[in-house]
Trainee: 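My structure is below; once you've seen it, I'll send some questions.
Please read all numbers here as calculations on a predicted model, not as lab measurements.
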Amino acid sequence: MSIEIDRDTCVGAGQCVLAAPDVFDQTEDEGISFVRPDAPEGRDGEIADAVDRCPARAIALVDR
């Protein structure tokens, strides 16, 4: 499973960063969320919470 963030939909609310700060971060200029390159494995509960908290529904979990 992978995490996808729709950069055009993200509003930069930062709820994902609050839910899973080891997994998500935001760009400094626009505040758009991204998955940290050093994100640890096994944070499924926190990631699910981030998906639920996103007010723009910009985060999706995708089977690969």
Trainee: Any donor-acceptor pair under 3.5 Å linking the side chain of Arg57 with the backbone of Asp52?
Mentor: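 Yes, because the side chain of Arg57 sits within donor-acceptor range (under 3.5 Å) of the backbone of Asp52.
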
Trainee: Below 4.5 Å, heavy atoms only, C-beta onward: do Cys16 and Cys54 meet side chain to side chain?
Mentor: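 Side-chain contact under 4.5 Å: no.
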
Trainee: Can you check whether Gly31's main-chain N or O pairs, donor with acceptor, with Gln26's side chain at less than 3.5 Å?
Mentor: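 Yes; at least one donor-acceptor contact below 3.5 Å.
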
Trainee: Check whether any side-chain heavy atom of Leu18 lies under 4.5 Å from a side-chain heavy atom of Arg53, and answer yes or no.
Mentor: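 They are in contact (side-chain heavy atoms under 4.5 Å apart), so the answer is yes.
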
Trainee: Are Ile3 and Met1 linked, directly or through other ILVMFWY residues, by side chains that come within less than 4.5 angstrom of each other?
Mentor: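 Same cluster.
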
Trainee: Check whether Val51 and Phe34 end up in the same hydrophobic cluster, where Ile, Leu, Val, Met, Phe, Trp and Tyr are linked by side-chain heavy atoms less than 4.5 Å apart.
Mentor: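 Per the 4.5 Å side-chain linkage, Val51 and Phe34 are not co-clustered.
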
Trainee: Decide, yes or no, whether a salt bridge links Asp22 with Arg43 under the criterion of side-chain N to carboxylate O below 4.0 Å.
Mentor: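 Arg43 and Asp22: salt-bridged.
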
Trainee: State the CG-CD distance between Asp44 and Glu41, to the nearest 0.5 angstrom.
Mentor: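 Separation between the atoms: 9.0 Å.
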
Trainee: Find out whether Leu61 and Ser2 are in side-chain contact, i.e. whether some heavy atom of one side chain is under 4.5 Å from a heavy atom of the other.
Mentor: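 No, too far: nothing below the 4.5 Å cut-off.
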
Trainee: What's the spacing between Phe24 CZ and Ile47 CD1 if we round to 0.5 Å?
Mentor: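 Answer for the CZ-CD1 pair, Phe24 versus Ile47, is 5.5 Å.
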
Trainee: Can you tell me if Thr27 uses its side chain to pair, donor with acceptor, with the backbone of Ile32 under 3.5 Å?
Mentor: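 It does hold such a pair.
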
Trainee: Rounded to the nearest 0.5 Å, what separation is found between the SG atom of Cys10 and the CD1 atom of Ile5?
Mentor: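 The distance works out to 7.0 Å.
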
Trainee: Determine whether a donor-acceptor pair (N or O, by modelled atom type, separation under 3.5 Å) exists between the side chain of Gln15 and the backbone of Pro55.
Mentor: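 No: the side chain of Gln15 does not pair with the backbone of Pro55.
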
